[in-house]
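To keep things clear, I will list the structure first and then write my remarks on it.
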Amino acid sequence: MKVFKFGGASVKDATGIKNVSEIIEKYADNDTLIVVSATGKTTNALESVVASFFDEDGKALEKLDHIRELHFNICKGLLGESNHSVYSQLNDIIADVKKKLETYRLDSYNYVYDQTVSAGELLSSVILSAYLNEKGIKNSWLDVRDVLRTDETYREGVVDWKETTERSNKILKPLLKESKVVTQGFIGSTPHYSTTTLGREGSDYTAAIFANILDAENQTIWKDVPGVMNGDPRKFQDAVFIDELTYLEAVEMTYYGASVIHPKTIKPIQNKKIPLWVKSFINPEGKGTKVYEASTALKYPPIRVLKENQTLLTFHTKDFSFVPDDTVGELLKAFAKANLKINIIQTGAISLQAVVTNVPEKIAHVIELVEGHFNIKQDDDLTILTIRHYNDEIIAKHLIGKEVIIGQKRASTYQALFKLKKD
Ligand code: ASP
């Protein structure tokens with residue numbers, strides 16, 4: 001069996017869904033599991049509903065009606081003005097979100113976020129499933145929350161693999177014996193059936209979880225690019241396509257910020273040596289990139305990744321105690337407590353520098369925890385450039401017009417923290 005994942009861009013309108021259904025008709029098997037994201041920018045729109053709810057600006061319900069209209073319009077483009085049951089399914093999903101919004105308290109942001117934002121995947125998956133059946137591509141729709149169990153970490157649910165495996169065996173496997181299954185990426189549920197999400201862009205991860213559990217023959221992520229490139233083509237005009245990558249290279253790229261695959265996707269498929277394909281839904285005949293356990297060393301072009309919106313935090317001990325000996329542990333604990341990941345770290349005798357993504361609440365939390373012992377300086381609006389498989393010429397070419405604040409060279413990875421020169 002295979003697992004296909006379609007992202008929001010592929011199902012953004014009726015034409016997109018028609019294209020996706022052609023891909024499924026042509027390339028999927030009878031027992032393919034199809035994991036779908038919310039349409040287009042729906043997740044952002046639902047985030048805005050949550051923001052309105054907490055701002056109490058009175059616009060949340062109006063925004064939900066707009067989201068319903070968008071989905072109705074997609075259905076009209078696919079099924080016409082029929083009295084197909086999908087319209088009432090869409091109505092029910094939106095009505096459910098509205099009803100729940102009346103009961104929430106204002107102190108549970110992450111919980112409310114997950115109950116609301118998860119509607120995007122429910123809407124897109126009922127439409128895709130209905131349209132496929134209408135076209136004679138037999139499938140059943142599965143509410144993934146009946147199968148994918150997480151803990152109660154709202155917005156970043158931690159998967160309960162044991163429970164999810166048991167439920168997949170009991171619920172999903174029998175369904176796949178009958179036909180294809182269409183389900184939602186990104187969402188899951190707690191043992192008490194509250195909805196959780198796995199983190200933004202998490203649908204790739206959902207697909208990988210099921211590929212692992214179902215021992216899939218392969219997983220394909222259908223994207224709007226020909227495959228993995230050696231740099232985001234929107235940021236590097238000379239980006240070239242890469243035919244094949246090892247799991248290790250893919251995990252390194254995603255760790256440094258390449259957004260073509262969600263970082264958590266690689267581990268579940270690597271653990272079972274399941275090949276991952278990244279292919280284009282615009283040109284499905286194209287070769288695509290294969291991520292797998294290559295038996296010979298693969299040769300790569302320099303791979304460039306930019307991570308924007310970075311902040312440099314510099315901590316100086318107030319009493320001249322040595323950072324490496326006395327205070328590193330304390331500082332790292334503060335970052336862990338604030339759930340703030342360090343992207344680059346550098347220590348001196350009485351100072352430590354940490355580069356983090358600028359999430360103001362988390363940075364404030366770290367500062368509050370350690371300001372008794374350190375003088376702290378904060379520099380914002382920085383970018384990290386990572387180059388895998390670098391050479392000096394490539395580094396020089398990419399640093400033109402940039403002021404390097406930290407530069408680090410390791411065996412296969414060069415990293416620079418920089419800001420753009422003023423003139
Ligand atoms: N719809 C979710 C998001 O936009 C999950 C996903 O697309 O993977 O983040």
Side-chain angles (χ1 to χ4, degrees), residues 3-13 16-17 19-20 33-51 63-64 66-68 70-71 74 90 93-94 97 109-110 112-129 141-145 147-148 150 153-159 182-189 195-211 219-225 228 232 234 250 254 257-269 276-281 309 357 359:
V3 178
F4 279 8
K5 181 261 168 174
F6 292 96
S10 67
V11 290
K12 70 175 194 301
D13 51 23
I17 292 181
N19 177 52
V20 161
L33 173 67
I34 298 151
V35 175
V36 66
S37 302
T39 62
K41 300 268 175 262
T42 300
T43 304
N44 292 354
L46 286 161
E47 283 186 338
S48 164
V49 170
V50 179
K63 286 180 180 174
L64 277 168
H66 182 63
I67 292 169
R68 189 189 48 197
L70 288 176
H71 287 83
I74 294 177
L90 299 180
I93 294 165
I94 296 289
V97 176
Y109 185 88
N110 290 350
V112 173
Y113 178 100
D114 280 2
Q115 311 319 303
T116 308
V117 169
S118 52
E121 271 65 17
L122 295 171
L123 294 167
S124 62
S125 61
V126 295
I127 297 177
L128 178 63
S129 172
W141 179 84
L142 171 73
D143 186 333
V144 80
R145 296 171 299 178
V147 179
L148 204 154
T150 70
T153 317
Y154 295 105
R155 294 188 71 184
E156 231 165 302
V158 177
V159 174
V182 173
T183 199
Q184 309 80 45
F186 180 54
I187 71 177
S189 91
T195 304
T196 47
T197 62
L198 307 177
R200 285 300 307 261
E201 312 293 333
S203 298
D204 291 356
Y205 180 41
T206 305
I209 293 165
F210 287 120
Q219 172 180 337
T220 306
I221 300 179
W222 296 92
K223 307 234 10 149
D224 56 359
V225 285
V228 178
D232 182 339
R234 287 164 301 191
T254 59
S259 59
V260 60
I261 309 169
H262 187 277
K264 284 187 181 166
T265 310
I266 306 300
K267 182 175 154 48
I269 53 160
L276 169 73
W277 287 93
V278 181
K279 288 189 162 222
S280 161
F281 64 77
N309 192 28
T357 301
V359 185

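As the structure lists them, so they are numbered: ligands from 1, and atoms in each ligand from 1. This is a predicted model, so every value here is computed, not measured.
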| message | Among all the protein's non-hydrogen atoms, which is closest to atom 7 (O) of ligand 1, and how far away is it? | response |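 Ranked first by proximity to atom 7 (O) of ligand 1 is S37 OG, 3.1 Å.
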| said: Checking a contact table here: which protein heavy atom is nearest atom 6 (C) of ligand 1, and how many Å away? | reply: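 Scanning the protein heavy atoms, the shortest distance from atom 6 (C) of ligand 1 goes to S203 OG, 3.3 Å.
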For [X], counting its heavy atoms only, list the atoms of ligand 1 lying under 4.0 Å from any of them.
X	result
F186	2 (C), 5 (C)
E121	1 (N), 2 (C), 5 (C)
T43	1 (N), 2 (C), 3 (C), 4 (O)
R200	3 (C), 4 (O), 9 (O)

Return the minimal non-hydrogen interatomic distance between [X] and [Y], and the atom names on each side.
X	Y	answer
K63	V49	CB-CG2, 3.7 Å
T195	Y154	O-CE2, 3.4 Å
D204	H262	OD2-N, 3.0 Å

| query | So with a 6.0 Å cut-off around CD of E156, is the heavy-atom count from everything else above 12? | reply |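 Open.
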| message | When you compare ligand 1 with K5, is there at least one nitrogen or oxygen pair between them that comes in under 3.5 angstrom? | response |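 K5 vs ligand 1: no N/O contact under 3.5 Å.
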| query | Does the N or O separation between D204 and ligand 1 drop below 3.5 Å for any pair? | reply |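 No.
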| Regarding T43 and R200, is there a side-chain donor-to-acceptor distance under 3.5 Å anywhere? |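 No, because no side-chain N or O of T43 sits under 3.5 Å from a partner of the opposite role on R200.
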| field | Polar contact flag, side-chain donor to acceptor under 3.5 angstrom, T197-D114 | value |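 Yes, because at least one side-chain N or O of T197 sits under 3.5 Å from a partner of the opposite role on D114.
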| message | Using heavy atoms and a 4.0 Å limit, tell me yes or no: is H262 in contact with ligand 1? | response |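 It does not; every heavy atom stays at 4.0 Å or beyond.
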